[in-house]
Amino acid sequence: MKLRSKILGMCLSCTLLALVLQTVLFQNTSSSIIYNRTKEESENSLQNMQNEIYSFLKHIESNLIEVYSEEEFIQALKNELTIRELRNEYYRKAYEIGTNGFETSDKVVALYLYTPEHEIISTYRRAVTPKHNYEIDIYSEPEKYNTQIVKEYIDSGKLGMLVTSYFNEYRDTDIMRFVLKLYDSRNYSRSIGYIVCDIDSEAFTAILDKYSIDDSMFIWLQPAGDRPAASIGSLSEEQGSIYKDTVDRIRGGDTIEGGYSDRENQELFQAAQNKYNLTAYSLMPQELLKQNQKALTINLLLIGGVMVIAAAFLSIYLSKSMTRPLVKLTDTMQEIREGNARLRAEVQNKDEIGQLAINFNEMLDRMEELNEKEKQTSYLLSQAEYKALQAQINPHFLYNTLDTMSSIAQIKDCGEVSSMCQSLSNMFRYALNMKEPFSTIAKEIAHLKNYCYVMEMRMQDHVQYVYEIDESLLFSEIPRLTLQPLVENALTHGLRTKRGEKYIRIEAKKENGNRVICVADNGIGANAEEINRKLEENDISYVEQGSSIGVYNINARLRMLYGEEYGLRIESKSGEGTRVYVTIPRQKPGGEGQDDSKKNI
C-alpha cells in the first residue's frame with residue numbers, strides 16, 4: 001500500500017501542477033487569441049446565416065419566375081388588355097400562383113399581380129381573419145405599407161428582385177415583401193407588369209434564431225435605403241441608441257462599418273448580400289465575446305478538480321476491473337448450465353475477456369437458431385398463403401394512373417378530361433385515407449367541389465351550388481365523408497327528375513352552442529316523416545342497406561360519436577325541395593374543447 005500511495009501522490013501532484021501551469025499560461029498569452037477567434041467565428045456565423053437566407057431568397061425568386069409559365073396570362077399582359085378585361089379573366093390568377101407555386105413552409109401570406117401602371121389585377125390573401133388581415137391593394141395606404149419603395153423600383157431601370165418590408169398592425173409583426181418585374185420575352189426593355197409576394201417574417205426569424213447564441217445578441221436584416229425587415233433578440237438600454245442610430249444611417253444611405261463602440265462596449269457585425277440588397281447585422285455586448293475565455297478558465301479548474309478525484313480512484317478501480325469480468329462470466333455459465341438457456345454473457349470490454357464472452361454468446365445463439373429454424377419454416381408457409389389472400393391493389397396505383405391520365409390529357413389539349421382526372425384523383429385520395437377518421441369543414445367542402453365538378457362533367461346536368469359557410473367554422477373537425485353523400489343524395493333522389501332550374505345550397509353556422517350544417521335542394525321532395533322515423537330508430541338494418549354511404553350511415557356515425565341527441569333531421573315538401581340538417585356539438589368526442597380558429601386545414 002505504501003508504494004501505491006506514493007504512485008498515487010505523484011500522479012496527483014503532476015496532474016495538479018500541469019493544470020495550474022496551463023491556466024496561468026492561458027491567462028497571459030491566450031486571452032487575446034480566443035477573443036479574436038470568437039469575433040471571427042461570429043462574423044463567419046453571420047455570413048453562414050446570410051448564405052442560408054440567400055438560398056431562401058433564391059427559392060422565392062425561382063417560384064415567382066414560374067409566373068412566365070402562365071402563357072395565357074403573360075400573353076394577355078403583352079397584348080395590353082384593359083384592366084377590366086384582365087380582372088374579369090384572371091381574377092383568380094394570384095390565388096393559383098400563391099397556392100400551387102409555393103409550399104406551406106414558404107410562409108406566403110399574400111400575393112398581388114399589377115399592370116405597369118400600378119393597377120391591381122388579382123389578389124391572394126391567405127387565412128384572412130380579423131386578427132390576420134392583409135390589404136387587397138398595397139397602394140391603398142402607401143405610407144402605412146411602405147409602398148413608395150415598390151413604386152420607385154417599378155419606375156426605375158433596375159432588373160433584379162426587390163426585397164423590402166412593411167409592418168402589419170393586425171399581426172403586430174414585420175412582413176417581408178418581394179417584387180419582381182415581368183418583361184416582354186421579345187423586348188426585355190418593355191415591362192408588362194409585376195408580381196408582389198408578401199411572406200411572414202417568421203420564415204426569416206427562424207433562420208436568424210438558429211445563429212443567435214444569446215438573448216443579449218440582437219440580429220436584424222435591413223436593405224440599404226429601407227426600413228429594417230426582420231429581427232430577433234432584445235435590446236438593452238445601451239444597445240438601443242446604437243441600434244436606432246445605425247438603422248437611421250442605413251435608411252439614409254450611409255455606409256456602415258462594423259467594429260467596437262467605446263461608448264457602449266458593444267460589437268457590431270455585418271454581412272452583406274449584394275444581389276438582393278439585404279444586409280444582416282448583429283449587435284452584441286463585448287462581454288459576450290469574452291464568455292468563451294471565462295468559461296474555458298472555469299472549465300480548466302473544474303477539470304483539474306475532477307481529474308484529481310478521478311486519479312485517486314483510478315488505481316483501486318483498475319485492480320478490481322481485471323477480475324470482475326471473469327467472475328461475471330463464470331457466474332453466467334453456471335446459470336446457463338442449470339437451465340436458463342436464454343441468458344447471455346455481458347460484454348463490458350473488447351479485450352480478450354470480452355472476446356471470450358462474445359464467442360460464448362455466438363455459440364449459444366447458433367444453437368438456438370438451429371432449434372427455431374424448423375418452426376420458422378412452417379410459419380413462413382402459412383404466412384405465404386395468408387399474405388396471398390390479403391394482397392390488394394395499392395391505392396397509389398390508382399392515384400398515379402389518374403395523375404398520368406390528367407397529364408396526357410393536358411398535353412393533348414383536353415382540358416376538361418385533365419381537370420376531371422385531377423378531380424377524381426383528389427376525391428380518391430381523400431375518400432381512401434382511412435388513417436384519419438376526422439376532417440375539417442374546409443377539407444369536406446374541397447372534396448365536395450371535386451365531386452360536384454365530376455358529376456357536372458359526367459351528367460351535363462347544370463346545377464347551381466351555393467355555399468354559405470361561417471368562416472369561424474372552416475377549421476372545425478367533423479367526421480370524414482359527411483357532406484358529399486348528402487349532396488349525392490340530393491342529386492340522385494331530389495334533382496334527377498326535376499325540370500327547370502336546379503340548385504343545392506350548403507350552409508354551416510353556429511346555433512345554440514352546436515355546429516349546424518344544412519344541405520338544401522329545390523327538387524321533387526321526399527317523405528320526411530318516414531325518413532325521420534327511421535333516423536330516430538337508428539336500426540343497423542337501415543345502415544347496412546344500399547351500396548353507398550347514405551343518410552342512415554351518416555346518422556349512425558354521428559350518434560355513435562356524439563350521442564343520441566345529435567345526428568340528421570329532414571325537412572321536405574313535395575315539389576318544393578328537401579333540407580337535411582346535420583347537428584354536431586362544438587366539442588370533440590371525449591369532452592376535449594375545440595378552438596376552431598386555431599386549427600390548420
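All values derive from a computational prediction rather than experimental measurement.
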Go through F167 and Y145 one step at a time and tell me if the side chain to side chain contact (heavy atoms under 4.5 Å, CB included) criterion holds.
CA-CA 7 Å; F167 182 81; Y145 295 100; over 6 Å; no
Does a side-chain heavy-atom distance below 4.5 Å link [X] with [Y]?
{"X": "E468", "Y": "R505", "value": "yes"}
{"X": "R190", "Y": "Y183", "value": "no"}
{"X": "L46", "Y": "M49", "value": "yes"}
{"X": "Y124", "Y": "E96", "value": "no"}
{"X": "D174", "Y": "T205", "value": "no"}
{"X": "I138", "Y": "Y112", "value": "yes"}
{"X": "E488", "Y": "C452", "value": "no"}
{"X": "W220", "Y": "V247", "value": "yes"}

Drop me the distance from [X]'s [atom1] to [Y]'s [atom2], to the nearest 0.5 angstrom.
{"X": "R171", "Y": "I175", "atom1": "CZ", "atom2": "CD1", "result": "5.5 Å"}
{"X": "S165", "Y": "D226", "atom1": "OG", "atom2": "CG", "result": "5.5 Å"}
{"X": "I195", "Y": "L113", "atom1": "CD1", "atom2": "CG", "result": "5.0 Å"}
{"X": "I219", "Y": "S231", "atom1": "CD1", "atom2": "OG", "result": "10.0 Å"}
{"X": "I441", "Y": "L473", "atom1": "CD1", "atom2": "CG", "result": "5.0 Å"}
{"X": "D184", "Y": "Q75", "atom1": "CG", "atom2": "CD", "result": "8.5 Å"}

Ring-face cation contact, F438 with K443, 6.0 Å cut, 45° max
no
Y467 ring centre to K449 NZ or CZ under 6.0 Å, with the angle to the axis within 45°?
yes
Is the side chain of [X] donor-acceptor paired with the backbone N or O of [Y] at a distance under 3.5 Å, no angle test?
{"X": "R125", "Y": "A110", "result": "no"}
{"X": "N88", "Y": "R84", "result": "yes"}
{"X": "S156", "Y": "Y153", "result": "yes"}
{"X": "S439", "Y": "R480", "result": "no"}
{"X": "S55", "Y": "N51", "result": "yes"}
{"X": "Q222", "Y": "R227", "result": "no"}
{"X": "N168", "Y": "Y170", "result": "yes"}
{"X": "D200", "Y": "E202", "result": "yes"}
{"X": "S62", "Y": "K58", "result": "yes"}

Please report the C-alpha distance between I506 and V466 in whole Å, then the side-chain angles of each, then the deciding distance to 0.1 Å, and finally whether the side chain to side chain contact (heavy atoms under 4.5 Å, CB included) criterion is met.
CA-CA 6 Å; I506 299 94; V466 180; over 6 Å; no
Pair K78-S185, side-chain donor/acceptor within less than 3.5 Å:
yes
Pair E477, T440: side-chain N/O donor-acceptor within cut-off below 3.5 Å
no
Greater than 12 external heavy atoms within 6.0 Å of [X]'s [atom1]:
{"X": "K158", "atom1": "NZ", "answer": "no"}
{"X": "Y503", "atom1": "OH", "answer": "yes"}
{"X": "I65", "atom1": "CD1", "answer": "yes"}

Restricting to non-hydrogen atoms, name the atom on [X] and the atom on [Y] that form the minimum distance, rounded to 0.1 Å.
{"X": "R177", "Y": "Y166", "result": "NH2-CE2, 3.2 Å"}
{"X": "K181", "Y": "G157", "result": "NZ-C, 4.1 Å"}
{"X": "Y194", "Y": "V150", "result": "CE1-CG1, 4.4 Å"}
{"X": "L57", "Y": "Q273", "result": "CD1-OE1, 3.0 Å"}
{"X": "Q50", "Y": "A280", "result": "NE2-N, 3.2 Å"}
{"X": "T173", "Y": "S201", "result": "OG1-OG, 3.4 Å"}

E85/T82 under side chain to side chain donor-acceptor pair (under 3.5 Å): CA gap, chis, key distance, verdict
CA-CA 5 Å; E85 292 174 331; T82 66; 3.3 Å; yes
In I149, N277, I154, the residue satisfying side-chain contact (heavy atoms from CB on, under 4.5 Å) with L162 is I149
Check ion pair [X]-[Y] (N to O, under 4.0 angstrom):
{"X": "E52", "Y": "K210", "answer": "yes"}
{"X": "D470", "Y": "K509", "answer": "no"}
{"X": "K244", "Y": "D248", "answer": "yes"}

Can you list the steps and then say if L481 with H447 is a side chain to side chain contact (heavy atoms under 4.5 Å, CB included)?
CA-CA 9 Å; L481 294 179; H447 174 66; 3.6 Å; yes
Would you please indicate yes or no on a ring centroid separation below 6.0 angstrom for Y243 and F218?
yes
Would you please test Y90 and R92 for side chain to side chain contact (heavy atoms under 4.5 Å, CB included) and show each step?
CA-CA 5 Å; Y90 301 102; R92 283 181 55 85; over 6 Å; no
Identify, with sequence neighbours excluded, every residue that meets side-chain contact (heavy atoms from CB on, under 4.5 Å) alongside T279.
Q270, A272, Y281
Run Y54 and Y276 through ring-ring contact (aromatic ring centres under 6.0 Å, His included) and show every step you take.
CA-CA 8 Å; Y54 174 84; Y276 296 108; 5.6 Å; yes
